[in-house]
Every structure is written in C-alpha cells, then in structure tokens.
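Everything below concerns the one structure shown next.
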Protein chains: 2
Amino acid sequence: MCSLCELGSGVHGRVAQYERVEKVRLLVVDDDPPIADLVATVARYEGWDAVTAYSGEDALVRAAEFRPDIVVLDLMLPDLDGFGVLDRLRHSGTMVPVVFLTARDGVADRVAGLTRGGDDYLVKPFAVEELMARLRTVLRRSAGPGFQRSVLRVADLTMDEDTREVRRADRLLSLTPTEFEVLRYLMRRSPTVLTKAQILDHVWEYGFGGRSNVVELVVSRLRRKMDEAGGEPLIHTVRGFGYVIRRQAAE
Amino acid sequence: MCSLCELGSGVHGRVAQYERVEKVRLLVVDDDPPIADLVATVARYEGWDAVTAYSGEDALVRAAEFRPDIVVLDLMLPDLDGFGVLDRLRHSGTMVPVVFLTARDGVADRVAGLTRGGDDYLVKPFAVEELMARLRTVLRRSAGPGFQRSVLRVADLTMDEDTREVRRADRLLSLTPTEFEVLRYLMRRSPTVLTKAQILDHVWEYGFGGRSNVVELVVSRLRRKMDEAGGEPLIHTVRGFGYVIRRQAAE
DNA sequence: TGGCTGCTGTCGTTTTCCTGTCGGGGTGCT
DNA sequence: AGCACCCCGACAGGAAAACGACAGCAGCCA
C-alpha cells in the first residue's frame, strides 16, 4: 500500500508533510498549461509530487512511468478525450482514483455515470482549495477501511471537514460556504501568514474579477462569529501583509 | 476459511487498522469496463478489495488467484456467458456467493440465474447503493448461521434493512422505495454531510439524466413524514453544500 | 382491457439568506 | 498630524432551497 494511509490525520498540512512517509503522487491532465501548472504548483506547495500532461497520449505515458496515486483529468482534450484516457487507464489495470474537470455545460451529465464510485468531478472554473479538498477526500476514502475523519484544530477552534462542524470551545458556529472555505484555508496553513491575494486566489474561482475587499469582509464576519461568545481573538491582522490564524499574534 | 467468518454485525462498522478485520474481497465481472469499474470503485470506497474482469475467461483466472468472498457477474459476456462462468466456478469447488446483473427484459434470466446457484440479481441499469445493499445482505447471509439483522439508527430513528421497517420513536413510517433509499444512504453516512450530487449519483440509476431538484423534493417528503408526529428535525440542510442526518449538534 | 392508485419527477412560485459593493469612520505607522 | 490601510454597517441583487400542483407512468385488480 502507498502512503495514503497517512492522510487525514488531524494535523495541519504543513506538519503532516514531514510525518508522511511518502509523498502523494499527483498527475494533472489539462490541455491548458496555465491551469495544469496552477494545480501542480499548489499540490507541490502542499508537499505532493506533481506531474503535468497537456494531452491524452501524454497522460497515458506519464501515468505509466509516474504511477500516480490520484489523477486530475480535464475532459476536454485535443487528441484522446478524457473518457478515452480513463478507458485506457482502466484497461491497463490501474484503479487510480480520478477527479474530473468539466466545462459548465452538459458534459457534466456524462460524467455523472463515472463519478458514482467515489471519483469526483469539478466544474470549471473552480477554486483551487476546493479542488485540493476534494482530492484529499478521495484519497482518504480510497485508502480503504480505517480512514479517519479530517479534523483541523487551532487552539480551541476545531473544524471537521466531513461533518462541516466548526466549534469554538465546543460552541457550534454556523458558517456560510465562503466563510467555511476561508477559515479552512487559514487553518490548514496556520501558523503561516497569508496575504489577501493568496486567500483570494485559493478560495475564489480562478479568474475572479475585480479587486475588492471581499476577503476583509469575510474575515470580519468570521471574527464576529468566532468571538461573539468570548475567547481570545484567533485571526490576527498583519498590517500591510495579510492574515493569520493562531493562538496569539507575534509580539 | 475466508474472511467472511470475521464479519461482525453492521458491515459498515468495520474499521481500525488495529482491530484488523480483513477486507471483503469482491470480483466484478462485466464486459463493459465503465460498469465493472464503477462497481469496483464504489466497493473500494467502502473499504473493500475489488478486482475486475472483462470477460468470462478472465473472470475464472482472477477468481482462482484472487479468491473473492463475493462475485458480481454480468450475464451478458462475449465469450463464456454468466452461467458458464458460474458452472465452472462451482466445478472448481468454490461456494462463493454470486450476484447477477441482467438486462432489463430477461425475466427468464432471473429465474434461471437463481435456480442455478446465484444468490441474488439486479437489473441494469441499477443504482449503486442498491447493489451495495444487496451485496452486504448476501454477505451477511452467507457469513453463516445466526446472521443478524442490519439496523441503522440515528437518534430515535431506526431502519431495519431486512424488513424495511423505518420507525421514528416507535411510530412506523411508510416510505416509498425512493425515500427509503435516500434515507438509507443518509443514515449510513451519518454524520457526514452529503452533496445533492452524491445522493443523486448513489441512489438513482447510473445514466439518470441531468439537472433536477429531485433530491430536494424527496428530502422534503421525507422530512414531512418524519416530523409530522413531532420530534426534532433530523435531516438538516447545509446551505450551499448538501444534506446531513443527525441529532442536532449541541448548542 | 380499462380504470384505479400511488410513485416519481418537472415546473414555477415563494422564501430564505448569501455575497459582494459602497462608503464612512476607525486604527496604526511614520 | 497625515496617510494608508483596515473594519464593518447597510443594502441590493441574486442564488439556493422549500414546496404546492400536476402529469406521466407503472402496477394492480377486476
């Protein structure tokens, strides 16, 4: 078995990276190089081994030599299309889990049949953190029985990614989807300080238009919900740079 | 003896690398790779070991080397047909239980399949949760004498999968087949939050068409039936994400 | 065969509440 | 003090969910 079993412990991604025996191996297949590279880069930042392919044929070659633990596969490819790639992957006997990328339109219907298993799909344009979250989930599940809940923890704040329960000192917080994603990203990277641009780039769909103060706003809302029943502030502003979540600000 | 003897009560509770129960071993035989693959993926998602075969001859080879605990067998195979495979399996002395897949029409097939030693059958296209439910049942039955009922429980809601009785605080609910399946899936995965896409993909037949609000609708109907005689709501909406069934989280 | 019954999914309306924009005022740094 | 920078109240537009009404259909029984 591969290193997958190590995934999903309740530790921050940063720390887990060093505890993991082997890196997760990710193959990204997309004919749009910027997108493929974006995903690969984020994955590497997370401590994974990532390889890209820009065509279907290329994907098969890479898969054979790289033996990925998981594949991100765009369905819209120039030569062999996504289904063809999947077909030939399966015929070669590999059960590697796949997360599909599709355009907004009707192709999603055809994907449905393929994703029932536990593979997954995402509609373009997607948010990078959401893709990473799905990949982690698929990996955790395919690691077999004995998979554990993924619980993030910072001080007395906990987030269960499966039940989507977020608690501050046992008090349940009710978060909107956006708030949940921002908080998840902050917690995963804690105690790293993140710029607003980073947060925007990871949590919002790539290609999200206008500069705006959405991040500030969401952080503000998060703070109110987190602190309204007391407790020290956990999200700190690093003026002129960004935000961080951790027990206390640097003195 | 095979790992079946190890199977405890609720098949789904088989966890923990330390309590180490062996994984169920499933062989899927279907000449349509996407289908075989689909089933195998779902099974692995549940923590089983799954292997696929795309032809009758292949199936026999795999069976010999893999020694499955249960087999899913399509009747329509290019070379040796399903019955042929079954016969030769039996001749080699294995009593491994078999669940057949048949096309929509073959009423004759059903009877024949059962009388020739098959343990259950399902008509294509099927819903993956229904297939998994049947497999679990067959496994429990063949696990030996004194097999126990599978009863799912969430708060004061119970579902007996064998009798199909669903009770809310001892009051018997009358559910339609679809409602039953949706509720079963929610209960099995409780307290995980499931997206509408997941529910659709698992409970409806593969190949079910696109956009619709069926899931919302069935959930709405379930809620009415569950709550009409009082009691706290158990199915919760996680706005922007999906549904979950559980006792209302504290506070 | 034809009516009856109950199940399922579609449509359209209503309701809920999420999200991003704007702008005034506050805060910290130099 | 002056200037960025940040916080956050208020609000509008719109997305998501709940649900009533209805039509197609399958199974059943006479």
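Worth saying up front: this structure is predicted, and the values here are computed from it rather than measured. Proteins get letters first, then strands, A, B, ... in listed order; numbering begins at 1 in each.
Comparing A/Phe241 and A/Arg221 by the nucleotide of DNA chain D whose heavy atom lies nearest to each, the residue mapping closer to the 5' end is A/Phe241. If you find the closest nucleotide of DNA chain D to B/Arg223 and to A/Arg223, the one lying nearer the 5' end belongs to A/Arg223.
In this structure, the CG atom of A/Leu217 is 15 Å from the P atom of C/dG23, given to the nearest Å.
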> Could you write nucleotides 12-17 of chain C as a row of B, S and -, 5' to 3', where a protein heavy atom under 4.0 Å of any base atom gives B, of only sugar-phosphate atoms gives S, and otherwise -?
Replying inline: B---BS
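Contact check, A/Trp204 against C/dG20: a side-chain N or O comes under 4.0 Å of OP1 or OP2.
Read 5' to 3', the first and last nucleotides of DNA chain D with an atom closer than 4.0 Å to a heavy atom of chain B are D/dA16 to D/dG20.
Rounded to 10 degrees, the angle separating the terminal axes of the helix from C/dT1-D/dA30 to C/dT30-D/dA1 is 30°, with each axis obtained from five end pairs.
For A/Thr41, there are no side-chain hydrogen bond (donor to acceptor under 3.5 Å, both in side chains) partners at least two apart in sequence or on another chain. Under the side-chain contact (heavy atoms from CB on, under 4.5 Å) criterion, B/Glu179 pairs with B/Leu175, B/Thr176, B/Val218, B/Arg221, B/Leu222, B/Lys225, sequence neighbours left out. Remark: A/Arg164 pairs with no residue by the salt bridge (Lys or Arg N to Asp or Glu O under 4.0 Å) rule, at least two apart or across chains. Applying the salt bridge (Lys or Arg N to Asp or Glu O under 4.0 Å) criterion to B/Arg167, with sequence neighbours excluded, gives B/Glu165. Residues forming a side-chain contact (heavy atoms from CB on, under 4.5 Å) with B/Arg223 (at least two apart in sequence, or on another chain): B/Val219, B/Asp227, B/Ile235, B/Thr237, B/Tyr243. With sequence neighbours left out, the side-chain hydrogen bond (donor to acceptor under 3.5 Å, both in side chains) criterion links A/Asp37 to A/Tyr54. In this structure B/Glu216 satisfies the side-chain hydrogen bond (donor to acceptor under 3.5 Å, both in side chains) test together with B/Lys196, sequence neighbours excluded.
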Please output the side-chain donor-acceptor pairs of residues 152-161 of chain B that fall under 3.5 Å, not counting sequence neighbours, one pair per line with the distance.
| residue | atom | partner | partner atom | Å |
| --- | --- | --- | --- | --- |
| B/Asp156 | OD1 | B/Arg168 | NE | 2.7 |
| B/Asp156 | OD2 | B/Arg168 | NE | 3.4 |
| B/Asp160 | OD1 | B/Asp162 | N | 2.8 |
| B/Asp160 | OD1 | B/Thr163 | N | 3.1 |
| B/Glu161 | OE1 | B/Ser150 | OG | 2.6 |
| B/Glu161 | OE1 | B/Arg188 | NH2 | 3.2 |
| B/Glu161 | OE2 | B/Arg184 | NH1 | 2.8 |

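Sorted by first and then second residue, the ring-ring contact (aromatic ring centres under 6.0 Å, His included) pairs with a member in residues 155-192 of chain A read A/Tyr185-A/His202; sequence neighbours excluded.
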